[in-house]
Amino acid sequence: MKIISMIPARYSASRFPAKLMQDLGGKTVILRTYEATVATKLFDDVIVVTDSDIIYNEIVNHGGKAMMSKKEHDCGSDRIAEAVELLDVDIVINVQGDEPFTDKESLTKLIEVFKQDPNKEVDLASLMVHITDEEEIKNPNTVKVIVDQADFALYFSRSPIPYPRDKDVGVRYFKHKGVYAFRKQAIMDFYNLPMLSLEASEKIECIRYLEYGKRIKMVETDVQGVEIDTPEDLERAKKLWK
C-alpha cells in the first residue's frame, strides 16, 4: 500500500494573509509543518502543493518537495486531487499547511483505518477531538461532527450538533480536525463532482463526500495542537513552541 502525504498551501488566506510564511521559532509555519510531517517517517513521500512561488521556493530551498498547482481551486482537496491524478498511490493523507504541531500518533491511527479495511468500505478517514468548552462548541469557526455507533460521520456543522435541547443525556461534542486520509479514488470523485447545497451553505468541504454517499471513518484523538487561522493563533503557537 503506497501512502503519501500532501500539504495544500495557499499564500493568500482570507482571514490571515501570508500566515504560512510567518515566523515560528526561527522557521516559517509551512516549513515547520512540512518538517513535522516528514519526521513522522510514516510516508513514502511528503509533498507541499501550492499556488505560490514564495511557498514553493521556501520548501525547495530547504531541501523539501513541492509542486505548483496549475489551476485556481476552491479548497485544499481540489488542489490535492489535481496533484495526485497522475501519481501511483493508494492512500493520500492531507495535512493542513497551518498545522505545525502535526503528530505521529494521530496520523498512525488514520493509516491503521485503511490497513484494517480489507473490503474497502472506508472512503476516507479524519480526526476528531472531544471538546467541552461551551464557547468553542458555539463558535462557528469550530467545525463539529456527529458520528454513528461505529464512528462513521453522520454530519459536520458550524452549529452546535446535536442541539442541546436536553442537557442531561450524556452527549459528547467533537471538533473536526482538518486532517484527512483518502483513498485515491475518493478524492478523484470529489474533484469531479459538483458542490451541492449543504456544502455550499456550511462551507465545509467534507460534507460533499457525505452528500454523495461516501463513508468517512472518524478517529478520536486527544492531541489538540494549534491550527494557525488568526494572528492570535500564531501567538499561542509561539508560546507552545517555546
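Note that the numbering runs from 1 along the sequence shown for the chain.
Judged as a salt bridge (charged side-chain N to carboxylate O under 4.0 Å, His left out), and not counting sequence neighbours, the contacts of D233 are R236. Residues passing the ring pair (Phe, Tyr, Trp, His ring centres under 6.0 Å) test with H62, sequence neighbours excluded: none. Taking E232 as the reference, T230 meet the side-chain hydrogen bond (donor to acceptor under 3.5 Å, both in side chains) condition, with sequence neighbours excluded. Among residues two or more places apart in sequence or in another chain, the side-chain hydrogen bond (donor to acceptor under 3.5 Å, both in side chains) test is passed with K238 by none. Scanning for salt bridge (charged side-chain N to carboxylate O under 4.0 Å, His left out) contacts around K19 gives D98, D229, with sequence neighbours left out. With sequence neighbours excluded, the residues forming a salt bridge (charged side-chain N to carboxylate O under 4.0 Å, His left out) with R183 are D117, listed by chain and number. Judged as a side-chain hydrogen bond (donor to acceptor under 3.5 Å, both in side chains), and not counting sequence neighbours, the contacts of Q116 are E112.
N139 places a side-chain N or O within 3.5 Å of a backbone atom of N141 that can act as its donor or acceptor partner. Distance alone, capped at 3.5 Å, places no donor-acceptor pair between the K217 side chain and the L110 backbone. Of the possible polar contacts, none joining the E82 side chain to the D78 backbone as a donor-acceptor pair under 3.5 Å is found. The backbone N or O of V92 sits nowhere less than 3.5 Å from a side-chain atom of K184 that would complete a donor-acceptor pair. Side-chain atoms of R32 come within 3.5 Å of backbone atoms of G25 as a donor-acceptor pair (strictly under, hydrogens ignored). The main-chain N or O of P194 is found under 3.5 Å from a side-chain atom of Y212 such that the two form a donor-acceptor pair. Judged by distance alone, the side chain of D151 and the main-chain N or O of V147 form no donor-acceptor pair under 3.5 Å. Panel note: side chain K203, backbone A200; a donor-acceptor pair is recorded below 3.5 Å. Although no hydrogens or angles enter the test, the distance criterion places a donor-acceptor pair under 3.5 Å between the side chain of T33 and the main chain of G97. With hydrogens and angles ignored, the 3.5 Å screen pairs a side-chain donor or acceptor of D44 with a backbone N or O of I3.
A pairwise comparison of heavy atoms in P100 and A36 identifies O-CB, 3.6 Å as the closest pair. Considering every non-hydrogen atom in both K144 and K138, the closest pair reads NZ-C, 4.3 Å. A pairwise comparison of heavy atoms in R158 and V143 identifies NH1-CG2, 4.1 Å as the closest pair. For the pair S52 and Y11, the tightest heavy-atom approach, listed with the atom from each and the gap, is CB-CB, 3.6 Å. Summarising the geometry of Y34 relative to V48, their closest heavy-atom pair is CD1-CG2, 3.7 Å, with the distance given to 0.1 Å. Scanning all heavy atoms of the two residues, the minimum distance from A181 to I91 falls at CB-CG2, 4.5 Å.
Atom CD of E220 has more than 12 neighbouring heavy atoms from other residues, nucleotides or ligands inside a 6.0 Å radius.
Applying the ring-ring contact (aromatic ring centres under 6.0 Å, His included) rule to pairs touching residues 113-163 yields H130-F174, F156-H176, sequence neighbours excluded. Legend: salt bridge (Lys or Arg N to Asp or Glu O under 4.0 Å) pairs involving residues 59-68, not counting sequence neighbours, sorted by first then second residue: D45-K65. Screening residues 219-240 for ring-ring contact (aromatic ring centres under 6.0 Å, His included) gives no qualifying pairs among residues at least two apart or on separate chains.
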Run the side-chain donor-acceptor check on residues 101-108: report pairs under 3.5 Å with partners two or more places apart or on a different chain.
unit_1	atom_1	unit_2	atom_2	d
T102	OG1	E99	O	2.6
D103	OD1	S106	OG	3.0
D103	OD2	E105	N	3.4
D103	OD2	S106	N	3.0
D103	OD2	S106	OG	3.0
K104	NZ	T40	O	3.3
S106	OG	T221	OG1	2.9
T108	OG1	K104	O	2.7

Should D189 and Q185 be marked as a side chain to side chain donor-acceptor pair (under 3.5 Å) after you check the CA-CA gap, both sets of side-chain angles, and the distance that decides it? CA-CA 6 Å; D189 287 348; Q185 189 57 54; 2.8 Å; yes
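Applying the under-4.5 Å side-chain rule to Ile, Leu, Val, Met, Phe, Trp and Tyr, the cluster around Y56 extends to V60, M68.
Side-chain atoms of E58 and T28 form a donor-acceptor pair, as typed in the model, at a separation below 3.5 Å.
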